[in-house]
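What follows is a single structure, written as structure tokens, with notes after it.
Below, read A as the first sequence line, B as the second, and so on, with proteins coming before strands; counting in each chain starts at 1.
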Amino acid sequence: MKLFNTLTQSLQEFVPLDDTVKIYVCGVTPYDTTHLGHAFTYLTFDTLMRYLEYTGHKVKYVQNVTDIDDDVIRKARELGMQWDELGNREIERFLDDTDSLNIRRPDVYARATDEIERIIELAQALVERGYAYVNEGCVFYDVKHDTEFGALAQSIGLNDYQSMLAIANERGNFPEDKRKRDPLDFVLWQAQAPGEPAWESPWGAGRPGWHVECSSMSMHYLGQQIDIHGGGADLTFPHHTCEIAQSEHYSGKAPFVRTWMHVGMVYQDGEKMSKSLGNLTLVRNLLKEYSADAIRIVLQNHHYRYPWECFPEDLKIAADTAQLFKQVRELIGPRLDGENTMLHNRFIAAMENDLNTPEALQLLKQSAREALDTRDKNLGAEVLRLTGILGLTA
RNA sequence: GGCGACGUAGCCAAGUGGUAAGGCACGGCUCUGCAAAAGCUGCACCAGCGGUUCGAGUCCGCUCGUCGCCUCCA
């Protein structure tokens with residue numbers, strides 16, 4: 001199978017390190033509802049996992065939830081809730097929403113707050129090795145000390161350390177700057193602010209920074225080098241760039257991740273769907289009108305790497321496609337006895353080409369129509385078997 | 001500003017050097033008592049200019065336009 005690696009900006013033959021494929025995907029910060037963009041990201045990895053299993057791989061899939069973070073604390077205050085109360089509620093909602101879309105849960109759903117001890121250990125090790133420093137109860141990653149910092153950022157156009165530094169300096173208006181040696185430095189551990197939740201550490205009470213939890217959890221649950229690390233394209237920089245720096249200088253092993261996969265953003269009203277703009281299509285609202293299959297089809301009709309906008313018409317078309325597969329089911333019945341090698345091979349070829357689900361679905365739609373026209377039960381059975389790999393339930 | 005991506009019919013979109021898929025919308029036809037549904041059918045100077053080539057939507061350069069990233073973000 002060929003997958004596009006963001007780091008090298010090229011399609012590469014995917015070969016797992018050992019007999020279990022290790023996948024880590026950055027999850028949500030649980031302070032708001034699940035929208036179509038989240039669904040696109042997590043459906044992509046659901047589909048990948050199903051396909052890898054179909055082709056005979058064992059898969060271990062870890063997804064994190066950053067349940068302690070500035071946004072969670074802020075939103076909880078706005079709502080007059082405890083931060084963990086809000087987090088628990090939103091985690092439940094997120095899992096409900098993705099369950100409703102028939103997105104399989106990861107093997108490990110890991111919380112940042114369960115990771116505190118190991119995060120501290122990681123931060124401490126980076127201090128000892130000179131990649132991080134302590135100031136006023138905070139620990140910062142020392143970007144200047146790390147000559148390799150930014151390779152992933154470079155892949156999306158931030159060409160080198162110097163330019164990142166120059167840009168950051170231009171806008172040096174961050175309150176943290178006084179405690180940091182360099183504006184690009186990022187927090188591994190931050191000292192407790194009044195009224196905020198905190199954990200004990202060698203540097204006093206505090207809580208983890210944003211990027212460090214994923215390094216820690218990925219290495220803890222999957223090992224120091226993994227096959228695939230994924231997430232939304234907006235995480236490429238700084239989040240994943242920082243993860244590489246932390247992880248590789250902690251473990252002394254590179255690459256931390258063999259294939260970086262980034263999912264394109266979903267748009268609404270011509271702009272990126274985002275919580276701050278409020279232009280959201282919520283999964284739970286869509287589910288009132290459309291089936292899980294229809295929503296999966298809308299998403300899988302787009303290749304995971306490219307941004308797209310969802311129009312109401314696309315949902316109707318997807319609903320028709322879902323209906324088409326149901327008609328095939330009526331023709332075939334519950335047992336899938338026949339097969340069609342030609343369709344099977346073309347489907348596999350599409351999926352092997354960087355998980356090209358739009359092409360795969362196109363093949364299935366054409367074949368479904370043909371099977372209904374000619375009452376070809378072998379072809380129909382093959383269609384249903386393959387829609388099953390895509391996680392459809394017709 | 002730096003860097004990156006993209007620009008194919010009204011809309012979505014395939015296409016990775018060899019006569020431009022498909023879908024939606026729209027028009028015509030068939031079938032219908034009418035309509036719907038269904039079926040058939042029609043519908044593209046590939047943003048512009050230049051270059052490489054026997055041949056370019058596809059490769060190279062420039063121009064124009066749209067968008068993204070640059071410590072909120074799936």
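Residue-level contact check: Y42(A) touches the backbone only, with heavy atoms under 4.0 Å from sugar-phosphate atoms and none from bases. Residue G231(A) is classed as a sugar-phosphate contact, given heavy-atom separations below 4.0 Å to backbone atoms only. Across all strands, G230(A) comes closer than 4.0 Å to no nucleic acid atom at all (heavy-atom distances). Note on V266(A): a base of the nucleic acid sits closer than 4.0 angstrom, heavy atoms only. Within 4.0 Å of F311(A), counting heavy atoms only, lie sugar-phosphate atoms of the nucleic acid but no base atom. Here G209(A) lies out of heavy-atom contact (under 4.0 Å) with every strand. Within the nucleic acid shown, H239(A) has no heavy atom closer than 4.0 Å to any nucleic acid atom.
In a base pair of the Watson-Crick type (N1 to N3 plus N6-O4 or O6-N4) or a G-U wobble (N1-O2 and O6-N3), with each distance short of 3.5 Å, C43(B) is matched with no nucleotide. Applying the Watson-Crick and G-U wobble criteria (two distances, each under 3.5 Å), U53(B) pairs with nothing in any strand. Pair check for C64(B) finds G7(B); Watson-Crick or G-U wobble, both atom distances under 3.5 Å.
Close to C69(B), at under 4.0 Å from its OP1 or OP2, lies a side-chain N or O of K272(A).
Nucleotides of RNA chain B nearest to Q9(A) and D185(A) differ in position, and the one nearer the 5' end is that of Q9(A).
Both tests hold for R129(A) against Y250(A): distance to the six-membered ring centre under 6.0 Å, angle to the ring axis within 45°.
C45(B) and G39(B) have their P atoms separated by 28 Å, given to the nearest Å. Distance noted for atom P between C46(B) and G10(B): 13 Å (whole Å). Atom C1' of A37(B) sits at a distance of 11 Å from the matching atom of C31(B), rounded to the whole Å.
A salt bridge links E90(A) to R93(A): at least one charged side-chain nitrogen sits closer than 4.0 Å to a carboxylate oxygen.
A centroid separation of less than 6.0 Å is found between the aromatic rings of Y42(A) and F94(A).
With sequence neighbours excluded, the residues satisfying side-chain contact (heavy atoms from CB on, under 4.5 Å) with R369(A) are L324(A), K365(A).
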